[in-house]
Amino acid sequence: MKVVVVGSGGREHALATVLGRTAEVVVTPGNPGIPGSACLNPAGPLDPETLGPGDCDLVVVGPEAPLVDGLADRLRARGVRVFGPGADGARLEGSKAWMKDLFAEAGVPTARSASFSDPEPAVAFLDTLGDLFVVKTDGLAAGKGVLVTTSRADAVDAVHEYLSGAAFGDAGRRIVVEEGLTGPELSVFALADGTRAVPFAAARDHKRIGDGDTGPNTGGMGAFSPVPDAPDDLVGRIMDTAVEPTVAALAARDIDYRGVLFCGLMLTPDGPRVLEYNVRFGDPEAQVILPRFRGDLAALLASAADGALGGGVDLDPGAAVTVVCAAPGYPAAPRTGDPIAGLAAARSVEGVTVFCAGVAADPTRPDDADALLTAGGRVLAVTGEGPDIATACGRAYEAVGCIHFDGMQVRTDIAASAR
Ligand code: AMP
């Protein structure tokens, strides 16, 4: 099978690596650290918009933006087999107000909320909540559009700043205001084929830049899977009460959802509550759940794309931990252009895979595929696998210890709670 993966980050490197066990894979545009990246092709990257059914057997769309923008629809209209929802299903991630309406329809357990385009009713609703306030942009805001605060004044300011367009442009001109929940967070990844959903794996990520969950939010500084406080029966309950009702509610709206349902939950004292769905694999969660997959990922994703998912997903019972190496200044203003050293040594550590994200080729060393420069905020995701979290974690950190670039930021406590 020939598979085209759309995207350019660590998630796409993980997809390419695991798909590559059984398929021929091209990642477009990819990046110079992902073998088989279209950006390495002297003829230039491959425009996914131009793909036809004769070009490949399957397209896997990595990030949310092209899904929300309808890439999967345009490809399907040309007869291309695609893993990833159309623009209608991608509204789950593209509009939180739409998502919350669907939750209400499907009976998905979630935080009490309402959506607004005017400040007065939004502030009145805030005053019906407890002492933890949450204000979210309706639209995509690069993971930054959520404020969680105990300060009513800050929440009221956010309502005005979001709705005026000052904070997040059009993404914030509609907002969701909701009650704050507490508890550990959990990510459950499922695959859907339009009518059925099967659980893939659970993972937990670390969003803050600093050890002990301090400092600003990031795209994710590390992740681990499995999650000890999320045993299979809890994941089964989440499938029954959240994911399957979501697929049914989508189908009832004539939305043929074929792709990933990434369910972000909070395990509250009153039980699991869904905070959000994303419509693609997480980054860096993909770098821990995909390596654990045993079997033919290309065939599995193709069966979802065909509306013909079979039985369950076979995962390695062991563990995977990924540690992100981020550029200095990340997340506010990452510095780029620093040479990366030690990749070969890191890869030689038992059970380790190094996934490349924000990297560029070093033009001064064109003959060395490992001659890379930092080129983004999150530069590498170093995944260790092993029979248990402690072993996987030890391997990931041993490999991280081999890697160097100036100002590299790494959390030292990834998966510490699970070791
Ligand atoms: P979301 O994009 O909706 O997942 O929100 C991003 C992050 O904000 C989540 O991972 C949580 O850490 C936090 N968050 C979102 N909604 C709530 C809520 N209702 N209560 C507490 N924290 C929340």
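These figures come from a predicted structure and were not determined experimentally.
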### Message
Set out, in order, the CA-CA distance, both residues' side-chain angles and the distance that settles side chain to side chain donor-acceptor pair (under 3.5 Å) for Thr110 and Lys100, then state yes or no.
### Response
CA-CA 8 Å; Thr110 187; Lys100 292 294 262 193; 2.8 Å; yes

### Query
How far apart are the C-alpha atoms of Met239 and Val198, what are their side-chain angles, what is the distance that settles it, and do they pass the side-chain contact (heavy atoms from CB on, under 4.5 Å) test?
CA-CA 8 Å; Met239 292 299 295; Val198 297; 5.6 Å; no

### Task
Dump the intermediate steps for side-chain contact (heavy atoms from CB on, under 4.5 Å) on Leu301 and Leu19, then the final yes or no.
CA-CA 9 Å; Leu301 302 190; Leu19 286 164; 4.2 Å; yes

#### Entry: side-chain contact (heavy atoms from CB on, under 4.5 Å) assessment of Leu58 paired with Val4
CA-CA 6 Å; Leu58 176 69; Val4 173; over 6 Å; no

### Task
Please lay out, stage by stage, how Asp338 and Arg335 fare under the test salt bridge (charged side-chain N to carboxylate O under 4.0 Å, His left out).
CA-CA 8 Å; Asp338 290 303; Arg335 186 181 77 204; 2.9 Å; yes

### Working for side chain to side chain donor-acceptor pair (under 3.5 Å), residues Ser117 and Arg173
CA-CA 6 Å; Ser117 336; Arg173 290 193 194 275; over 6 Å; no

### Message
Working note: Phe83 + Val59, criterion side-chain contact (heavy atoms from CB on, under 4.5 Å); need CA distance, chi angles, decisive distance, verdict.
### Response
CA-CA 6 Å; Phe83 179 79; Val59 174; over 6 Å; no

### Message
salt bridge (charged side-chain N to carboxylate O under 4.0 Å, His left out) for Glu178 and Arg112? Distances and angles first, verdict last.
### Response
CA-CA 6 Å; Glu178 71 180 28; Arg112 189 164 70 84; over 6 Å; no

### Check against ring-ring contact (aromatic ring centres under 6.0 Å, His included), Phe103 and Tyr277
CA-CA 10 Å; Phe103 283 5; Tyr277 276 110; 5.6 Å; yes

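Of the N and O atoms on the side chains of Arg292 and Ser225, at least one donor lies less than 3.5 Å from an acceptor on the other residue. Remark: the Ser303 side chain and the Asp306 side chain contain no N/O donor-acceptor pair separated by less than 3.5 Å.
Heavy atoms only, all atoms of each residue included: Leu67 and Pro85 are closest at CD2-O, 3.4 Å. When all heavy atoms of Ala171 and Thr137 are compared, the closest pair comes out as O-CB, 3.3 Å. Residues Ala399 and Val352 come closest through the heavy atom pair CB-CG1, 3.6 Å. Shown here for Thr383 and Ala396, the closest heavy-atom pair between the two residues is C-CB, 4.4 Å. The heavy-atom pair separating Ala375 from Val359 by the smallest distance is CB-C, 3.5 Å. A pairwise comparison of heavy atoms in Leu163 and Phe116 identifies CD2-O, 3.7 Å as the closest pair.
Considering Thr353, Ile289, Leu297 as possible partners of Val18, the one that fulfils the side chain to side chain contact (heavy atoms under 4.5 Å, CB included) test is Leu297.
With Arg419 contributing its side chain and Ala390 its backbone, the two residues share no donor-acceptor pair below 3.5 Å. Looking at Thr218, its side chain does come within 3.5 Å of a backbone N or O of Lys207 through a donor-acceptor pair. The main-chain N or O of Gly215 is found under 3.5 Å from a side-chain atom of Arg208 such that the two form a donor-acceptor pair. A donor-acceptor pair under 3.5 Å is formed between the side chain of Arg196 and the backbone N or O of Gly307. Here the side chain of Gln409 pairs a donor or acceptor atom with the backbone of Ala327 at under 3.5 angstrom. Side-chain N or O atoms of Glu12 include one that pairs as donor or acceptor with a backbone N or O of Gly9 at under 3.5 Å. Side chain of Ser37 to main chain of Asn31: a donor-acceptor pair is present (N/O by atom type, distance under 3.5 Å, no hydrogens or angles). A donor-acceptor pair is defined here as one N or O able to donate and one able to accept, closer than 3.5 Å; no such pair exists between the side chain of Glu285 and the backbone of Ala203. Side chain of Arg378 to main chain of Val324: no donor-acceptor pair is present (N/O by atom type, distance under 3.5 Å, no hydrogens or angles). The backbone N or O of Thr195 lies less than 3.5 Å from a partner atom in the side chain of Asp193, making a donor-acceptor pair.
Between Leu15 and Arg11 the shortest side-chain heavy-atom distance falls below 4.5 Å. Residues Leu300 and Phe200 have side chains in contact (heavy-atom distance under 4.5 Å, counting atoms from C-beta outward). Residues Leu373 and Pro363 meet the side-chain proximity criterion, which asks for heavy atoms closer than 4.5 Å. Side-chain contact between Leu343 and Leu380 is present, with heavy atoms from C-beta onward closer than 4.5 Å. In this structure the side chain of Val6 reaches within 4.5 angstrom of the side chain of Leu71, judged on heavy atoms. Within the 4.5 Å cutoff, the side chain of Cys325 has heavy atoms near those of the Val382 side chain. For the pair Thr374/Ile340, a side-chain contact is recorded, criterion being any heavy-atom separation below 4.5 Å from C-beta on. Between Leu186 and Ile238 the shortest side-chain heavy-atom distance falls below 4.5 Å.
In this structure, CZ in Arg174 is found 13.5 Å from CG in Asp170, a value given to the nearest 0.5 Å. To the nearest 0.5 angstrom, Thr268 atom OG1 is 12.0 Å from Glu185 atom CD. Here the CD1-OG1 distance, from Ile414 to Thr322, works out to 8.5 Å after rounding to the nearest 0.5 Å. Interatomic distance, CG of Asp370 versus SG of Cys356, reported as 8.0 Å (0.5 Å rounding).
Using a 4.0 Å cut-off between a side-chain N of Lys or Arg and a carboxylate O of Asp or Glu, Arg78 and Asp55 do not qualify as a salt bridge. A salt bridge is defined here as a Lys NZ or Arg NE, NH1 or NH2 lying under 4.0 Å from an Asp or Glu carboxylate O, and Arg294 with Asp314 meets this definition. Between Glu276 and Lys96 there is a salt bridge, with a side-chain nitrogen of the basic residue lying less than 4.0 Å from a carboxylate oxygen of the acidic one.
Around the NZ atom of Lys144, the shell of radius 6.0 Å holds no more than 12 heavy atoms that belong to other residues, nucleotides or ligands. The environment of Glu350 atom CD is sparse: at most 12 non-hydrogen atoms of other residues, nucleotides or ligands sit within 6.0 angstrom. Counted within 6.0 Å of CG on Asp232, heavy atoms from surrounding residues, nucleotides or ligands total 12 or fewer; the atom is thus considered open.
Considering only residues two or more places apart in sequence or on other chains, Tyr397 meets the ring-ring contact (aromatic ring centres under 6.0 Å, His included) condition with none of them. For Tyr330, there are no ring-ring contact (aromatic ring centres under 6.0 Å, His included) partners, not counting sequence neighbours.
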Just list the side-chain donor-acceptor pairs under 3.5 Å for residues 251-263, sequence neighbours left out, or say none.
| residue | atom | partner | partner atom | Å |
| --- | --- | --- | --- | --- |
| Arg253 | NE | Glu105 | OE1 | 3.4 |
| Arg253 | NE | Glu105 | OE2 | 3.3 |
| Arg253 | NH2 | Glu105 | OE1 | 2.7 |
| Asp256 | OD1 | Arg258 | NE | 3.1 |
| Asp256 | OD2 | Arg258 | NE | 3.2 |
| Asp256 | OD2 | Arg258 | NH2 | 2.9 |
| Tyr257 | OH | Val260 | O | 2.7 |
| Arg258 | NH1 | Ala305 | O | 2.9 |

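Taking the six-membered ring where the residue is Trp, His206 and Phe224 present tilted rings, their angle falling between 30° and 60°.
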